[in-house]
**Student:** 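Pasting a structure here, questions to come.
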2 protein chains.
Amino acid sequence: MNDMQRSLYLPRFLPYRLTKLSGMISRNLAAKYSTMFDLTIAEWRIVALLGSNPGLTAREIAPLASLDKVSISRAVERLVKSGRLEKRKLDGDRRSAALYLTEAGTSTLAEIIPLAQRYEDQLLAEFTPEENEQLDHFLNRLDAMADTLK
Amino acid sequence: MNDMQRSLYLPRFLPYRLTKLSGMISRNLAAKYSTMFDLTIAEWRIVALLGSNPGLTAREIAPLASLDKVSISRAVERLVKSGRLEKRKLDGDRRSAALYLTEAGTSTLAEIIPLAQRYEDQLLAEFTPEENEQLDHFLNRLDAMADTLK
DNA sequence: AAAAAGTAGTTTCATTTGAAACTTTAATCC
DNA sequence: GGATTAAAGTTTCAAATGAAACTACTTTTT
């Protein structure tokens with residue numbers, strides 16, 4: 001007889017678990033970034049990226065930060081207003097601007113990195129180096145697979 | 001000399017990776033549920049829960065589905081309107097209602113479960129049973145740790 | 001047993017989000 | 001080289017979200 005599955009146990013359903021986990025983590029971090037630095041997650045990602053890749057344009061940031069261009073436009077606007085980012089229109093293409101952290105932006109980043117790092121370390125505190133590597137590997141594979149599945 | 005970290009590599013930052021991964025997966029599933037059944041993720045979760053736990057109230061659903069009461073209220077309203085859910089006010093407490101799938105709701109669930117299961121199977125297609133178990137274990141630990149961290 | 005405090009679920013309202021339209025500039029076509 | 005198509009970012013608008021206020025009830029207190 002055909003053993004059709006008649007129910008699905010939500011707490012073990014991978015998409016649910018991942019959404020719940022990433023939601024908890026994001027809320028934690030968003031609260032930290034917001035209260036301590038008045039930064040959104042999108043802004044934090046952009047600042048982090050520009051820290052190691054100064055001069056990126058909005059278009060280049062999009063895939064690296066997994067943000068759409070509307071979010072980037074708004075985050076950049078806020079970062080410029082708060083004095084942490086500078087737009088330089090010297091790309092050879094006057095539609096886009098190269099983005100750079102200001103002094104203030106650089107110092108914000110320098111303050112956040114240890115906090116972000118510490119949070120990640122706490123999450124992984126009970127993982128051995130081997131487990132950590134295993135997790136890393138699993139996430140890469142899931143990412144690639146999710147990317148494949150339409 | 002104090003070796004402060006001056007940059008953070010976003011693609012390897014666990015919170016970013018989890019958000020990205022769960023975002024991809026949720027968008028995939030949301031698109032499926034929405035086009036095939038006109039269901040949101042919240043509605044799907046509620047239907048899935050009621051499939052195995054008929055008679056839950058909104059309050060009881062909240063922690064099980066990781067949904068807030070506003071989302072539940074709205075999802076339940078839509079599910080009742082679409083004829084998939086029934087509210088029975090016989091709790092002894094006239095503020096709350098026990099929720100039950102209708103015939104239509106049950107049959108929707110029966111249609112979705114194989115799709116959801118198949119999607120999960122595809123995500124994990126290249127994981128051996130041992131790896132699958134390892135992943136499961138990792139997610140549980142991360143979940144517990146994230147719960148701990150404020 | 002009336003008043004006060006608490007709970008379940010809904011509604012309101014202000015904010016966030018993202019798709020689509022738009023503006024400006026650049027590249028390609030004839 | 002003028003016309004067409006495309007690209008980078010911005011703005012607009014409508015829908016999704018969620019905190020706070022609200023309604024209807026229930027429990028606790030005195």
Side-chain angles (χ1 to χ4, degrees), chain A residues 19-20 22-24 26-31 33-35 38-46 49-50 53 55-82 85-100, chain B residues 19-20 22-24 26-31 33-35 38-46 49-50 53 55-82 85-100:
Chain A
T19 299
K20 187 190 163 208
S22 98
M24 286 195 291
S26 290
R27 273 189 301 279
N28 277 347
L29 282 179
Y33 298 159
S34 160
T35 61
D38 187 32
L39 278 188
T40 65
I41 296 270
E43 291 168 54
W44 145 251
R45 286 191 196 164
I46 291 169
L49 275 174
L50 291 175
N53 305 73
L56 291 175
T57 64
R59 178 182 61 76
E60 291 165 337
I61 286 172
L64 299 174
S66 305
L67 294 171
D68 62 79
K69 62 186 184 169
V70 177
S71 309
I72 295 174
S73 174
R74 296 203 258 241
V76 165
E77 184 187 21
R78 271 192 27 108
L79 287 168
V80 169
K81 270 186 191 151
S82 66
L85 214 89
E86 190 191 345
K87 283 181 172 183
R88 293 194 205 149
K89 300 211 158 187
L90 38 77
D91 208 352
D93 184 334
R94 284 184 302 169
R95 291 169 303 181
S96 67
L99 301 170
Y100 294 88
Chain B
T19 300
K20 187 189 163 207
S22 99
M24 285 196 292
S26 291
R27 274 189 299 280
N28 277 347
L29 282 178
Y33 298 158
S34 160
T35 60
D38 188 30
L39 278 190
T40 65
I41 295 268
E43 291 168 54
W44 145 250
R45 286 192 196 164
I46 292 169
L49 275 174
L50 292 175
N53 305 71
L56 291 175
T57 65
R59 179 182 60 77
E60 291 165 337
I61 286 172
L64 299 174
S66 306
L67 294 171
D68 64 78
K69 62 185 185 171
V70 178
S71 307
I72 294 174
S73 174
R74 297 204 257 242
V76 165
E77 184 187 21
R78 271 192 27 108
L79 286 168
V80 169
K81 270 187 191 152
S82 65
L85 216 88
E86 189 191 347
K87 282 181 172 181
R88 293 193 206 149
K89 300 210 157 189
L90 36 78
D91 209 354
D93 185 335
R94 284 185 302 169
R95 291 169 304 180
S96 68
L99 301 170
Y100 294 89

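In what follows, chains are A, B, ... by sequence order, proteins preceding strands, each numbered from 1. Small disclaimer: the values here were computed from a predicted structure and weren't measured. Keep in mind that the numbers below use all heavy atoms, side chains included, and drop hydrogens, waters and symmetry copies.
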**Student:** Do you see a donor-acceptor pair shorter than 3.5 Å between the side chains of B/Ser22 and A/Ser22?
**Tutor:**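 Side-chain D/A pair, B/Ser22 to A/Ser22: present.
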**Student:** On DNA chain C, check which nucleotide each of B/Glu60 and A/Gly92 is closest to and give me the residue with the more 5' one.
**Tutor:**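 With B/Glu60 and A/Gly92 compared, the 5'-side residue is B/Glu60.
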**Student:** Expressed in angstrom and rounded to an integer, what is the separation of B/Ile61 atom CD1 from C/dT10 atom P?
**Tutor:**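 So the two atoms are 11 Å apart, to the nearest Å.
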**Student:** For A/Asp68 and D/dG9, give me the distance from atom CG to atom P, rounded to whole Å.
**Tutor:**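 After rounding, the gap between these two atoms is 13 Å.
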**Student:** Does B/Lys69 have a side-chain nitrogen or oxygen under 4.0 Å from the phosphate oxygens OP1 or OP2 of D/dA21?
**Tutor:**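 No, B/Lys69 has no side-chain N/O under 4.0 Å of OP1/OP2 on D/dA21.
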**Student:** Quick one: the side chain of B/Arg95 and the base of D/dA24, do they pair up donor-acceptor inside 3.5 Å?
**Tutor:**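 Check fails, no donor-acceptor contact within cut-off.
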**Student:** Looking at every heavy atom in both A/Lys89 and A/Ala97, which two are closest together, and how far apart are they?
**Tutor:**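 So the minimum-distance heavy-atom pair works out to CG-CB, 4.3 Å.
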**Student:** Considering just the side-chain nitrogens and oxygens of A/Arg94, establish if one lies under 4.0 Å of OP1 or OP2 belonging to C/dA26.
**Tutor:**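 Result: yes.
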**Student:** Does the A/Thr35 side chain pair with the main chain of A/Ala31, one donor and one acceptor, at a distance under 3.5 Å?
**Tutor:**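 Pair found, side chain donor or acceptor close to backbone of A/Ala31.
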**Student:** Quick one: does any side-chain atom of B/Ser71 pair with a main-chain N or O of B/Leu67 as donor and acceptor, under 3.5 Å?
**Tutor:**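 It does not hold such a pair.
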**Student:** Quick one: label B/Thr57 by what it contacts on the DNA or RNA (base, sugar-phosphate, nothing), any heavy atom closer than 4.0 Å.
**Tutor:**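 Contact class for B/Thr57: sugar-phosphate only.
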**Student:** Under the 3.5 angstrom rule, does the side chain of A/Arg88 hit a backbone N or O of A/Ala98 as a donor-acceptor pair?
**Tutor:**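 Not confirmed, A/Arg88 side chain does not pair with A/Ala98 backbone.
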**Student:** To the nearest angstrom, how far is A/Arg27 atom CZ from D/dT17 atom C1'?
**Tutor:**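 Nearest whole value for this atom pair: 13 Å.
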**Student:** Which part of the nucleic acid, if any, lies within contact of B/Lys89, taking any heavy atom under 4.0 Å across all strands shown: a base, the sugar-phosphate backbone alone, or nothing?
**Tutor:**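 No contact.
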**Student:** Write down the distance between CD1 (B/Ile41) and C1' (D/dA15), rounded to a whole number of angstrom.
**Tutor:**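 Distance, rounded to whole Å: 17 Å.
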**Student:** Just how far, in rounded Å, is C1' of C/dT16 from CD1 of A/Ile72?
**Tutor:**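 My rounded result for the distance is 17 Å.
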**Student:** In whole Å, I'd like the distance from the NZ atom of B/Lys87 to the C1' atom of D/dA24.
**Tutor:**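 Going from B/Lys87 (NZ) to D/dA24 (C1'), I get 13 Å.
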**Student:** Could you check how far CG of A/Asp38 sits from C1' of C/dT15, rounded to whole Å?
**Tutor:**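 A/Asp38 atom CG is separated from C/dT15 atom C1' by 15 Å.
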**Student:** Please give, in whole Å, the distance from C/dA8 C1' to B/Leu99 CG?
**Tutor:**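 The answer, rounded to whole Å, is 12 Å.
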**Student:** Closest approach to the side chain of B/Arg59, judged atom by atom: which nucleotide of D/dG9, C/dT7, D/dC25 is it?
**Tutor:**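 Output: C/dT7.
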**Student:** Closer than 4.0 Å, any side-chain N/O of B/Ser73 to the OP1 or OP2 of C/dT10?
**Tutor:**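 Yes, within the criterion.
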